[in-house]
Amino acid sequence: MLTDALGVKQLLAPWDYTPDAVQTYGRALEAAMGHSAARAVLEHTASAYEAGEDVGIRDVLAKMDSFADACGESAYTMRMLPYLCLLEPAKAKYVAAGLSETIYHDSFADLLWKTRECHKVYGVWGSFVAPWFYRFFELRCFALGRLQFEAVSFQADAPLPRGERVINVHIPSSGPLCVSQCEDSYARAVDFFGFAPGDTVPFVCDSWLLHPLCAQLPEDSGIRRFAANYQLLYVIDDPNYSDLWIFFGKPWDGNASALPEDTTLRRIFKRHLLSQGSVGRGYGLYLRKG
């Protein structure tokens with residue numbers, strides 16, 4: 001099992017982590033390995049995962065939180081350690097499932113994207129959305145090029161039957177939304193999830209990118225062009241404004257007047273917030289010919 005900073009450096013080499021992030025994770029892991037209770041949690045988590053047992057990831061993450069002070073690290077950093085310990089066992093599971101090195105690499109690049117987000121928002125290398133990652137370790141969600149996909153149940157009453165199998169689309173913060181890259185990802189997903197050529201494939205997306213406010217972006221905007229494929233079925237209000245950090249680079253503190261307005265997207269959402277508007281996510285359906 002992963003035990004020291006050198007191991008962390010070698011483990012993360014395939015991805016573009018900054019030296020500072022690698023050093024932080026290496027230091028945190030060595031501190032955890034020197035803490036008997038933290039080490040026991042990490043070792044048990046790794047052995048349970050390798051054996052195909054229920055890991056109970058939320059309990060594991062809560063325990064890592066409790067070790068943060070003793071290890072001298074942020075809880076956001078500590079929450080990444082179980083996942084680092086599972087990366088090599090996950091690779092073995094991907095190989096056993098016949099999945100390519102590329103799919104493994106691209107899927108677990110999500111840890112990198114979330115590491116960068118955490119540093120941008122809180123100045124800490126780690127993750128503030130750590131429970132999210134486990135779907136990749138369960139071989140439930142996969143990156144196929146620019147986009148990520150997982151099979152889920154339809155969450156509306158029409159135009160498909162509620163509960164019907166659909167392919168949920170996730171958009172990692174790995175760069176601009178390029179139409180050609182998205183089209184390539186959709187084509188890969190059609191084949192990956194077993195649809196035949198000519199099938200109508202139901203893709204769904206639950207994201208702020210489908211919020212009606214985004215329709216105010218320029219027509220050539222990658223976000224607007226992405227959303228144009230989807231029939232908006234409903235909007236989910238978010239009274240906690242939990243997604244605002246994505247486009248403002250900081251958590252919501254209730255002060256809309258202090259938010260930056262240096263991009264079109266930021267100006268649109270800031271103007272909406274200043275007029276007492278609420279924000280949230282859109283849920284949409286894209287019926288695509290395979």
Side-chain angles (χ1 to χ4, degrees), residues 14 49 52 86-87 89-113 132-211 214-215 219-236 281-290:
Y49 178 74
L86 298 184
L87 272 176
K91 187 173 185 178
K93 289 180 183 284
Y94 273 59
V95 170
L99 298 171
S100 70
E101 175 78 19
T102 298
I103 292 177
Y104 167 80
H105 176 276
D106 292 352
S107 295
F108 289 100
D110 203 66
L111 276 69
L112 171 60
W113 314 139
W132 159 265
F133 295 130
Y134 200 63
R135 66 192 65 206
F136 296 102
F137 291 86
E138 293 179 300
L139 280 70
R140 184 159 60 92
C141 186
F142 308 91
L144 305 172
R146 176 65 179 86
L147 304 174
Q148 301 164 347
F149 304 90
E150 64 178 322
V152 299
S153 298
F154 188 58
Q155 297 299 310
D157 295 319
L160 303 178
R162 178 176 285 272
E164 181 170 320
R165 178 179 180 261
V166 293
I167 308 304
N168 200 16
V169 181
H170 303 291
I171 308 94
S173 58
S174 56
L177 276 175
C178 173
V179 171
S180 61
Q181 291 178 349
C182 291
E183 284 300 309
D184 175 68
S185 285
Y186 286 125
R188 293 193 203 185
V190 168
D191 178 66
F192 183 86
F193 287 97
F195 292 93
D199 283 352
T200 297
V201 183
F203 290 98
V204 297
C205 187
D206 175 349
S207 172
W208 67 268
L209 284 85
L210 301 191
H211 193 281
C214 293
E219 291 185 4
D220 61 351
S221 158
I223 293 173
R224 184 167 170 179
R225 295 175 75 182
F226 173 86
N229 285 322
Y230 288 82
Q231 174 189 355
L232 181 62
L233 301 180
Y234 56 80
V235 175
I236 306 158
R281 311 184 312 278
Y283 182 80
L285 172 67
Y286 173 28
L287 295 176
R288 187 181 192 277
K289 281 291 185 181

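The analysis underlying the following values was restricted to heavy atoms, covering all of them including side chains, and did not include hydrogens, waters or symmetry mates. These numbers come from a predicted model, not from an experiment.
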Participant: For Pro202 versus Leu285, what's the shortest heavy-atom pair and its separation?
Facilitator: CB-CD1, 4.1 Å
Participant: Starting at CG of Leu287, measure out to CG of Asn229 and round the result to the nearest 0.5 Å.
Facilitator: 11.0 Å
Participant: Going by heavy atoms in the side chains, are Arg225 and Cys182 under 4.5 Å from each other?
Facilitator: no
Participant: Give a yes or no on whether the backbone of Gln155 and the side-chain of Tyr283 come within a donor-acceptor separation of less than 3.5 Å.
Facilitator: yes
Participant: In the structure I gave you, are the side-chain heavy atoms of Tyr230 and Val169 within less than 4.5 Å of one another anywhere?
Facilitator: yes
Participant: When the ring centroid of Phe192 is compared with that of Phe142, is the distance short of 6.0 Å?
Facilitator: yes
Participant: Can you tell me if Glu150 uses its side chain to pair, donor with acceptor, with the backbone of Gln148 under 3.5 Å?
Facilitator: no
Participant: Is the distance from the ring center of Phe137 to that of Phe108 below 6.0 Å?
Facilitator: yes
Participant: Would Phe203 and Tyr186 count as a ring-ring contact (aromatic ring centres under 6.0 Å, His included) if you check the C-alpha gap in whole Å, the side-chain angles of each, and the deciding distance to 0.1 Å?
Facilitator: CA-CA 9 Å; Phe203 290 98; Tyr186 286 125; 4.9 Å; yes
Participant: How long is the gap from CD1 on Ile167 to OH on Tyr286, to the nearest 0.5 Å?
Facilitator: 13.5 Å
Participant: State, yes or no, whether a side-chain contact exists between Phe136 and Leu86 at a heavy-atom distance under 4.5 Å.
Facilitator: no
Participant: Any side-chain to backbone donor/acceptor pair from Arg146 onto Gly175? Under 3.5 Å, distance only.
Facilitator: yes
